[in-house]
Amino acid sequence: MLDIRLIRENPDYVRERLATRGGEAHLKLDEILACDRQRREWETRLQQLNGDRKRLSKEIGMKRSKGEQAEELETQVRGIGEEITLVTEQAAQADETQRNLLLQLPNLPHDQNPIGTDASANPEVRVWGTKPVLNFAPADHVTLGAKLGLFDLERAAKISGSGFVCFTGPGARLERALIQFCLDLHSREHAYLEVSPPFLIRRESMVGTGQLPKFEEDMYGLENGELFLAPTAEVPVTNLHRDELLALPELPKSFVAYTPCFRREAGSAGRMTRGLIRVHQFDKVELVKLTTPETSWAELEALTGHAEQVLQRLGLHYRVIELCTGDMGFGSAKTYDIEVWAPGQNAYLEVSSCSNYTDFQARRMNLKFKDDEGKNRFCHTLNGSGTAMPRLFVALIETWQQADGSIKIPEPLQPYFGAAEIR
RNA sequence: GGAGAGGUGGCUGAGUGGUCGAAAGCAGCGCUUUGCUAAAGCGCCGUACCUCAAAAGGGUACCGGGGGUUCGAAUCCCCCCCUCUCCGCCA
């Protein structure tokens with residue numbers, strides 16, 4: 001959520017920044033400003049009336065305690081009370097309208113973000129490693145998986161429909177090994193606090209991180225309409241400290257969490273790909289940071305580096321790209337995507353998206369800290385995958401497949417997997 | 001699922017219809033005094049919003065959330081959420 005005062009005082013700046021995202025958000029500003037004016041008028045009027053009532057009511061109390069009559073005053077205050085009822089309703093309505101408008105507005109992109117309308121304008125920031133050279137035609141993960149019994153898409157579809165996977169045998173063990181490897185890496189070596197949060201989330205927390213109210217159709221909701229399945233651990237973990245006032249020495253707070261993630265992929269019907277690339281339920285290890293505004297940009301670089309470590313240790317070639325203004329997510333001010341090379345796909349796969357949300361989420365969830373001058377300010381929140389499992393799985397088996405059809409397990413993963421190869 | 005108790009400022013906790021934004025303690029900040037890594041005394045110390053060109057100032061709201069009663073609600077009534085205790089059930 002954007003600060004209404006920023007919009008009020010620098011409408012042109014906000015409009016110009018929002019416009020770089022494309023879409024229509026920047027066209028809403030005049031409506032918001034008009035609503036804000038209206039809202040303040042009602043509020044001022046309401047405050048006058050409340051003041052009158054408060055003052056006169058006290059007078060009544062004084063008179064009564066002296067045994068005097070106060071009927072005239074009481075009639076007068078009753079009249080004020082009726083007006084207050086009306087004005088309160090108007091003020092509350094204006095307030096709600098304004099809040100709803102603000103909740104629909106995306107975050108402002110960082111001033112230095114590349115401007116663009118889609119992914120084609122995303123600059124490559126850095127590349128690690130090189131595309132592996134195989135002296136045979138690489139199989140894709142679906143073929144490998146079928147041959148080695150790593151997962152079963154057909155039977156998963158029988159149970160749950162298309163877009164679900166059931167890992168099996170060595171595949172299930174490999175997936176579990178990857179999760180544990182990532183959790184250990186980030187908690188032990190990068191000093192993130194490991195948490196294991198709930199997967200069912202209340203509406204208000206979904207609003208806190210920005211999934212609601214705008215993207216409800218992408219979420220799995222339970223019948224009662226109150227609880228939602230977590231689309232990412234970002235939601236429960238970032239909300240851990242909602243409605244809290246954190247002390248400066250506590251920051252930054254860094255969390256790592258493994259959760260399954262549930263996504264309808266409603267708009268992606270045509271983009272559902274074969275295999276594991278896009279599924280409705282997948283496992284992910286997520287990194288979350290709560291920081292001060294002063295350190296959040298440096299923390300974004302650090303967090304991205306931590307996510308990259310996963311790929312480096314597993315010997316997977318990847319590139320980091322910076323998202324241009326038009327390609328960024330709703331709440332993000334700056335995002336790096338990490339894309340791992342998958343030889344069987346002959347393509348880079350997005351396995352991590354690392355973002356600084358600045359105070360966008362903190363404002364929605366009322367997450368503050370007390371700064372060194374004793375002032376309460378909104379935190380900055382960051383998150384990034386560290387990393388998403390199915391695509392990591394794909395890149396791993398496609399990269400480390402051998403000519404004889406077996407898969408070599410990278411050394412750092414062997415203690416977790418319990419073997420050096422799958423055949 | 002049943003019964004009961006409770007939710008008050010950064011934290012602990014008093015307050016059952018008016019002068020209560022709210023005692024007290026802790027933490028924090030400032031000053032004074034004594035002085036070996038500290039103690040004592042005194043003072044200050046909530047948040048949001050509105051108003052003001054700005055600062056100063058002024059004002060309103062907020063005692064889990066929402067509604068109601070009343071001239072007036074932290075306080076009384078109703079609904080919801082959450083926490084704790086006991087019982088039941090259960091991995």
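Each chain gets a letter, A, B and so on, in the order its sequence line appears, and its residues count up from 1. FYI, side chains are in, hydrogens and waters are out, and symmetry mates aren't considered; it's all heavy atoms of this structure.
For the P atoms, the distance linking B/G28 with B/G64 amounts to 27 Å, nearest Å. B/C31 and B/C84 have their P atoms separated by 44 Å, with the value rounded to a whole Å. For the C1' atoms, the distance linking B/U8 with B/A3 amounts to 26 Å, nearest Å. With C1' as the reference atom, B/U19 and B/A39 are 39 Å apart, rounded to whole Å. Between B/C26 and B/C78, the distance separating the two P atoms is 39 Å to the nearest Å. Spacing between B/U69 and B/U83 at atom C1', rounded to whole Å, works out to 29 Å. On the C1' atoms, B/A61 is 16 Å away from B/G66, given to the nearest whole Å. B/A74 and B/C81 have their P atoms separated by 24 Å, with the value rounded to a whole Å.
Rounded to an integer number of Å, the gap from A/D372 CG to B/G28 C1' is 14 Å. We find that CD of A/E59 is positioned 15 Å from P of B/G72, with the value rounded to whole Å. Between A/E43 atom CD and B/C49 atom P the separation is 10 Å, expressed in whole Å. Straight-line distance from the CD1 atom of A/I60 to the C1' atom of B/A73: 15 Å, rounded to whole Å. Atom CD in A/Q38 sits about 14 Å away from atom P in B/C50, given to the nearest Å. Atom-to-atom, CZ of A/R363 to P of B/A48 comes out at 11 Å; the value is rounded to the nearest Å. Across the protein-nucleic acid pair, A/L49 atom CG and B/C71 atom P stand 17 Å apart, rounded to whole Å. Following rounding to the nearest Å, A/K63 (NZ) and B/U19 (P) show an atom-to-atom distance of 18 Å.
Of the candidate nucleotides B/C50, B/C71, B/A61, B/C50 has the atom nearest to the side chain of A/R8. The side chain of A/N50 has B/A61 as its nearest neighbour among B/C50, B/C71, B/A61. Relative to the side chain of A/R202, the nucleotides B/C71, B/U19, B/C82 differ in distance, and B/C82 lies closest. Closest to the A/R40 side chain, of the nucleotides B/C71, B/C50, B/U60, is B/C50.
Contacts of A/L73 with the nucleic acid, taken as non-hydrogen atoms under 4.0 Å apart, are absent. At a threshold of 4.0 angstrom between heavy atoms, the contacts of A/R37 with the nucleic acid are absent. In this structure, A/R5 reaches the sugar-phosphate backbone alone: every heavy-atom distance under 4.0 Å involves primed, P, OP1 or OP2 atoms, never a base.
The phosphate of B/A48 has OP1 or OP2 within less than 4.0 Å of a side-chain N or O from A/K368. Residue A/R377 places none of its side-chain N or O atoms closer than 4.0 Å to OP1 or OP2 of B/U47. Contact annotation: A/R53 does not reach the phosphate of B/C71 (side-chain N/O to OP1 or OP2, under 4.0 Å). Checking the phosphate oxygens (OP1, OP2) of B/G46, no side-chain nitrogen or oxygen of A/K370 falls inside 4.0 Å.
The pair A/R313-A/E189 counts as a salt bridge, with a side-chain nitrogen and a carboxylate oxygen less than 4.0 angstrom apart. A salt bridge between A/K289 and A/E299 is present, with a side-chain N of the basic residue lying under 4.0 Å from a carboxylate O of the acidic one. Looking at A/D218 and A/R264, no side-chain N of the basic residue comes within less than 4.0 Å of a carboxylate O on the acidic one, giving no salt bridge.
Under the Watson-Crick and G-U wobble criteria, each requiring two contacts below 3.5 Å, nucleotide B/A14 is left unpaired. The partner of B/U60 is B/A48, judged by Watson-Crick or G-U wobble contacts that both fall below 3.5 Å. Base pairing of B/U32: its partner is B/A40, meeting the Watson-Crick or G-U wobble criterion (both donor-acceptor distances under 3.5 Å). Remark: B/C20 base-pairs with no nucleotide; criterion is Watson-Crick or G-U wobble with both hydrogen-bond distances under 3.5 Å. For B/A53, there is no paired nucleotide, since no Watson-Crick or G-U wobble pair has both relevant distances below 3.5 Å. Under the Watson-Crick and G-U wobble criteria, each requiring two contacts below 3.5 Å, nucleotide B/A5 is paired to B/U83. Here B/A27 sits opposite no nucleotide as a Watson-Crick or G-U wobble pair (both hydrogen-bonding atom distances under 3.5 Å). A 3.5 Å limit on both hydrogen-bonding distances identifies no Watson-Crick or G-U partner for B/U75.
Note that the OG1 atom of A/T209 and the CZ atom of A/R242 stand 8.5 Å from one another [nearest 0.5 Å].
Judged by distance alone, the side chains of A/N107 and A/T358 do bring a donor and an acceptor atom under 3.5 Å apart.
For the pair A/R176 and A/Y416, the cation-pi test (distance below 6.0 Å, angle within 45°) is failed. The cationic group of A/K334 does not satisfy the cation-pi geometry with A/Y357, failing either the under 6.0 Å distance to the six-membered ring centre or the 45° limit from the ring axis.
Residues that satisfy the side chain to side chain donor-acceptor pair (under 3.5 Å) test with A/H141, not counting sequence neighbours, are A/Q345, A/E398.
Heavy-atom nearest nucleotides on RNA chain B were determined for A/R39 and for A/K54, and the one closer to the 5' end corresponds to A/R39. For A/Q47 and A/E204, each mapped to the nucleotide of RNA chain B holding its nearest heavy atom, the one lying further toward the 5' end belongs to A/Q47.
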